[in-house]
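Below, chain A is the first sequence line, B the second, and so on; all start at residue 1. Side chains included, hydrogens not; waters and symmetry mates left out as well; all remaining heavy atoms used.
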Protein chains: 2
Amino acid sequence: MKSVGIRDVAERAGVSVTTVSHVLNDTPHTRVAEETRVRVRDAARSLGYGPNRMAQALRTNRSGLIGLLSEEIATTPHAGRIILGAQDAAREHDLTLVIINTEREAEGSAHRNDVQALIDRQVDAILYATMYHRQVSLPPNMQGLPAVLIDSTDRAGIVPAVVPDEVGGAIAAVTHLVEAGHTRIGFLNNDDDVPATHLRFAGYRQVLGEHGIPFDESLVASSPSETLPGYALAREMLSRDDRPTALFCYNDRMAMGAYRAAAELGLEIPRDLSIVGFDNQELIAANLFPGLTTVALPHYEMGAWAVETLVHLIHGEAEFRLLADKPTLLHCPLVIRDSVAEPRAN
Amino acid sequence: MKSVGIRDVAERAGVSVTTVSHVLNDTPHTRVAEETRVRVRDAARSLGYGPNRMAQALRTNRSGLIGLLSEEIATTPHAGRIILGAQDAAREHDLTLVIINTEREAEGSAHRNDVQALIDRQVDAILYATMYHRQVSLPPNMQGLPAVLIDSTDRAGIVPAVVPDEVGGAIAAVTHLVEAGHTRIGFLNNDDDVPATHLRFAGYRQVLGEHGIPFDESLVASSPSETLPGYALAREMLSRDDRPTALFCYNDRMAMGAYRAAAELGLEIPRDLSIVGFDNQELIAANLFPGLTTVALPHYEMGAWAVETLVHLIHGEAEFRLLADKPTLLHCPLVIRDSVAEPRAN
DNA sequence: GTGAAAGCGCTAACAG
DNA sequence: CTGTTAGCGCTTTCAC
């Protein structure tokens with residue numbers, strides 16, 4: 001189990017450790033004869049050499065570790081997708097992700113201690129991922145380390161952030177409904193005062209406006225974004241004589257409630273009622289019958305974008321500091337399943 | 001950003017770095033005056049000293065990193081719960097988890113390259129977590145490192161493993177039904193040849209036997225463990241004149257299909273039909289109406305147990321090698337919601 | 001009881 | 001173009 005070191009390679013190649021280091025790291029401003037390079041690389045390969053990251057880290061003061069603080073790792077697959085995106089991007093840059101689960105704090109601010117745990121482990125940078133789009137304030141000990149926010153924005157506007165393009169997603173969803181021929185489109189919204197609530201609503205209104213469909217206040221209702229409240233809202237709205245022919249739901253859970261309401265009222269989806277959700281929670285959207293057409297959140301992409309940005313930040317590329325100004329918006333694609341059809345001819 | 005080192009502490013306390021190291025690490029077989037210890041600790045605290053893990057790692061040849069190879073991190077929250085359990089246990093032992101997502105390989109064996117990536121990062125040990133209970137064979141480069149399997153067993157029987165007590169879970173589920181007064185209990189099983197299929201069935205049969213309920217083959221049906229096949233199975237079984245009064249479903253997705261079948265047939269849950277699922281996928285079980293009573297898989301606990309075991313393995317406690325003999329079974333608790341009631345008096 | 005000093009494996013001046 | 005050498009911050013013999 002004694003591992004091969006740089007000196008073993010040097011010896012085998014008949015050169016000094018310096019040369020080996022230069023060759024293997026492609027150190028700039030250093031000219032090594034091509035013939036030597038080949039000899040070194042061969043030696044390294046035949047010995048199965050791999051650098052000792054701890055020694056490298058100690059020497060360069062760069063651990064190659066990226067800390068990812070994530071909320072609710074164990075609740076939805078959302079965190080998993082962020083992790084996966086971050087992981088894949090990290091691997092590209094030969095970085096290692098260290099993940100710490102953190103509880104959502106009352107203040108909406110990241111936990112100081114969790115950040116410290118990461119700092120104690122010598123991470124080069126920190127990623128902070130929230131489970132839903134919101135504003136956070138960062139603990140003071142996070143200052144000084146490069147950082148990027150995922151699915152949230154910095155209250156102080158100092159740290160670059162990436163969030164889903166909620167408006168765009170809502171536009172895609174409602175446009176899909178309009179293009180299917182719907183004009184009476186209900187919106188079951190969340191009643192929390194979070195960005196998504198307002199932005200998805202804005203997208204809804206925008207599409208109506210663009211298509212000359214008058215905004216009807218009675219077609220918008222809001223409640224907590226859970227299945228049961230969604231059911232209640234849908235049940236009420238669909239019981240009316242002038243019920244909408246389509247429903248845009250704040251999220252897939254509310255859509256699940258709407259499915260139940262529709263079933264109870266004898267409305268067949270999508271024949272009598274079209275529904276579009278938001279979030280693309282596979283477990284729900286793909287298992288409902290019929291499959292729920294919904295808008296996917298770009299979790300994977302946000303994770304990847306964040307690491308990519310971190311790499312630039314670490315390399316000190318000044319222009320990336322500017323990113324903090326405005327959060328970067330990532331596209332939310334529509335995932336088409338079977339819950340939308342043209343409205344039934346009356 | 002120049003961090004305080006052991007020598008700063010030494011200087012401040014008026015002792016040598018050796019003493020500081022001894023005190024801070026509680027190095028055994030080393031006598032340091034109590035008065036000195038206090039002085040050192042005070043100095044460390046007031047300077048905000050924390051050891052440089054990279055230097056420690058280099059010197060001791062122990063990185064304090066544990067590699068976790070996990071399948072399908074982005075699909076269900078199951079992986080998240082394993083990660084959380086492992087994380088919490090790791091923190092107790094001042095260990096850091098490095099997670100790598102790995103694709104399920106055709107052969108059912110862990111990916112060699114993913115293991116190598118972990119080894120290259122100097123992990124002290126490896127955890128391998130599969131997304132469902134099965135047998136795997138380990139890549140050769142995993143030999144030599146302490147390892148523990150989560151939710152799978154080693155084909156070669158060399159590595160300790162922890163899996164859910166499937167039989168016990170099934171027993172809890174079916175017993176719950178029997179105790180509610182059911183005697184005609186259908187079982188919608190998976191048709192894959194995996195351990196859970198056989199073990200859950202065994203639990204089902206065992207409970208029937210224990211309660212003197214004759215086994216009726218016509219009450220057992222199997223299909224792929226998805227919503228739609230579950231629906232089809234339930235629809236057929238519940239259409240019969242002598243339909244069961246309760247259904248035990250292989251997993252929550254199949255139970256979701258059974259809910260739909262029941263609704264279509266005008267059977268109200270739990271009044272006309274009781275249902276118990278398996279897996280406790282919150283997104284499904286808690287959002288169905290009524291809430292689905294189901295059996296939880298001990299993902300968190302398996303993650304924690306695995307790290308705990310790894311720690312013993314790393315410390316070379318011989319008796320823990322014996323664990324490889326038989327996988328450790330962890331309890332699957334019943335999660336009671338609202339889908340079970342006594343059978344309706346005919 | 002306490003301290004001096006030798007490295008862990010690597011990188012990066014600097015010299016040749 | 002290549003080699004010598006001084007540490008990075010820590011642990012650990014060994015001597016005092």
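Looking at residues 32-55 of chain B, you'll see B:V32, B:A33, B:T36 sit with a heavy atom under 4.0 Å from some atom of DNA chain C.
Between the CG atom of A:N61 and the C1' atom of D:dC8 there is a distance of 8 Å, given to the nearest Å. At whole-Å resolution of the value, CZ in B:R59 and P in C:dC10 are 16 Å apart. To the nearest angstrom, P of D:dG9 lies 16 Å from CG of A:D120. Distance A:L24 CG to C:dG9 P: 16 Å, rounded to the nearest Å. In this structure, A:E11 atom CD and C:dG9 atom P are separated by 14 Å, rounded to whole Å. D:dT4 atom C1' lies 14 Å from atom CD1 of A:I6, rounded to whole Å. If you take CG of A:D26 and C1' of C:dA12, they are 16 Å apart, rounded to a whole angstrom.
More than 12 heavy atoms of other shown residues, nucleotides or ligands fall within 6.0 angstrom of atom CZ in A:R37.
The pair B:R39-B:D42 fails the salt-bridge criterion, with no side-chain N (NZ, NE, NH1 or NH2) lying under 4.0 Å from an Asp/Glu carboxylate O.
Under 4.0 angstrom from either OP1 or OP2 of C:dG9 there lies no side-chain N or O belonging to A:Q56. In this model, the phosphate group of C:dA4 is not approached by any side-chain N or O of B:S16 to a distance below 4.0 Å at OP1 or OP2.
Within the 4.0 angstrom heavy-atom criterion, only backbone atoms of the sugar-phosphate kind lie near B:T60; the bases stay farther away.
Judged by distance alone, the side chain of B:Q122 and the main-chain N or O of A:R53 form a donor-acceptor pair under 3.5 Å.
Closest approach of B:A90 and B:V307 over heavy atoms only: N-CG1, 3.7 Å.
A cation-pi contact, defined as under 6.0 Å to the ring centre and within 45° of the axis, is absent between B:R45 and B:Y49.
At a cut-off of 3.5 angstrom, the base of D:dT11 holds no donor-acceptor pair with the side chain of B:T18.
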